[in-house]
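This chain uses plain numbering: 1 for the first residue, then up along the sequence. Atoms within each ligand, like the ligands themselves, are counted from 1 in listed order. What you are looking at is a predicted structure, and each value in this text was computed from that prediction instead of being measured.
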Amino acid sequence: MNWIDESSALLIVDVQNDFLPGGSLAVHEGDQVVPVINTLQGNFKTIIATQDFHPADHGSFAANHPGKNPGDFIELAGLKQILWPVHCVQGSQGADFHPNLNQSHWKKIFQKGKNPQVDSYSGFFDNARRGDTGLGNYLKSIGVRRIFVCGLALDYCVKFTALDAKSLGFDTFLITDATRAVNLQPKDGESAIEEMREAGIRIVTSKNL
Ligand code: VGL
Ligand code: ZN
């Protein structure tokens with residue numbers, strides 16, 4: 001109770017059309033986070049969003065690797081990379097935020113995944129931890145110490161964003177009813193929550209904030 005204080009920020013991860021039902025990388029029930037997040041936004045002074053924003057030639061797209069399919073693995077930036085359907089291409093409707101998501105109080109949007117040579121699940125760093133979006137320094141510069149993470153998808157971008165937030169020293173919370181998992185394997189969402197809990201991230205619901 002009363003977890004939200006003056007130093008708190010709500011971080012809304014990738015609530016974009018391609019991750020919602022009907023999108024190219026649709027997350028089951030992904031649209032159900034929208035009303036929950038809109039209600040949550042009323043409790044925060046600082047609201048930041050991330051946006052997956054790939055060039056069309058991005059190396060994480062199966063379509064850019066002849067003979068490969070979504071779900072196959074390659075090596076990208078020296079890392080094991082799962083291949084995705086084409087999604088969140090810069091300037092496409094799939095990269096836009098859900099039309100009902102209230103954007104009117106957002107302080108800033110941080111885009112990621114713009115380098116075709118490396119994927120970027122976290123809103124802070126690319127997967128090789130070379131590129132930095134500036135999100136961490138920005139949050140520190142405005143006095144944020146506590147971060148509440150929500151959005152899509154729980155087992156990818158939400159998880160890596162929350163783990164990086166924690167590793168950068170922010171007091172980090174995951175809001176479980178404001179996120180949904182891709183679940184390529186049926187338990188991926190549950191495992192992601194367990195991994196976050198073990199890293200010291202607090203697991204909460206929007207009802208007990
Ligand atoms: C995401 C896969 C590929 C996400 C982004 O937002 O969770 N997942 N790109
Ligand atoms: Zn992506």
Exercise for the section: Could you tell me the separation between the CD atom of Glu194 and the CD1 atom of Ile203, rounded to the nearest 0.5 Å? Expected result: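 So the CD of Glu194 and the CD1 of Ile203 are separated by 8.0 Å.
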
Handout entry: Inter-residue atom distance Ile147.CD1 - Ile48.CD1, 0.5 Å rounding
Key =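 Those atoms lie 9.0 Å apart.
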
Exercise for the section: Compute the centroid of each ring, for Trp84 and then for Phe61, and state whether the two points are separated by less than 6.0 Å. Expected result: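 Centroid distance Trp84-Phe61: not below 6.0 Å, so no.
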
Practice task
For this output row, return yes or no: ring centroids of Tyr138 and Phe110 closer than 6.0 angstrom.
Solution key: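 Judged by ring-centre distance (under 6.0 Å), Tyr138 and Phe110 do meet the cut-off.
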
Short list, please: which atoms of ligand 1 are under 4.0 Å from a heavy atom of [X]?
{"X": "His87", "answer": "3 (C), 9 (N)"}
{"X": "Tyr156", "answer": "7 (O), 8 (N)"}
{"X": "Leu152", "answer": "6 (O), 7 (O)"}
{"X": "Asp14", "answer": "4 (C), 6 (O)"}

What about [X]: any of its N or O atoms under 3.5 Å from an N or O on ligand 1?
{"X": "Lys112", "result": "no"}
{"X": "Ala153", "result": "yes"}
{"X": "Asp52", "result": "yes"}
{"X": "Cys157", "result": "yes"}
{"X": "Tyr121", "result": "no"}

Practice task
Grab the two heavy atoms, one from Asp14 and one from Asp52, that are nearest each other, plus how far apart they are.
Solution key: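 Heavy atoms of Asp14 and Asp52 come nearest at OD1-N, 3.5 Å.
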
Practice task
Write down the atom of Phe97, the atom of Thr50, and the distance for their closest heavy-atom approach.
Solution key: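 What the structure gives for the nearest pair is CE2-O, 3.6 Å.
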
Problem - Phe170 six-ring centre to Lys140 NZ/CZ under 6.0 Å and within 45° of normal - result: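 Yes, a cation-pi geometry.
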
Of all the atoms in [X], is at least one N, O or S atom closer to the Zn ion (ligand 2) than 2.8 Å?
{"X": "Asp119", "result": "no"}
{"X": "His87", "result": "yes"}
{"X": "Cys157", "result": "no"}

Practice task
Classify the ring geometry between Phe148 and Phe173 as parallel (under 30°), tilted (30 to 60°) or perpendicular (over 60°).
Solution key: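 Answer is parallel, since the angle falls under 30°.
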
Practice task
Check the pair Asp119 / Gln81 against side chain to side chain donor-acceptor pair (under 3.5 Å), numbers first and verdict last.
Solution key: CA-CA 8 Å; Asp119 211 356; Gln81 170 74 46; 3.0 Å; yes

Practice task
Using a 4.0 Å heavy-atom threshold (strictly under), name the region of Val158 that reaches ligand 1: side chain, backbone, both or neither.
Solution key: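 Val158 to ligand 1: no contact under 4.0 Å from either part.
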
Problem - Carboxylate-amine/guanidinium proximity below 4.0 Å for Asp31 and Arg180 - result: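 Salt bridge: no.
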
Exercise for the section: State if Gln16 counts as touching ligand 1 under the rule of any non-hydrogen atom under 4.0 Å. Expected result: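 It does not; every heavy atom stays at 4.0 Å or beyond.
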
Handout entry: Atom nearest to the Zn ion (ligand 2) - Asp52, N, O or S atoms considered
Key =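 In Asp52, the heteroatom (N, O or S) nearest the Zn ion (ligand 2) is OD2.
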
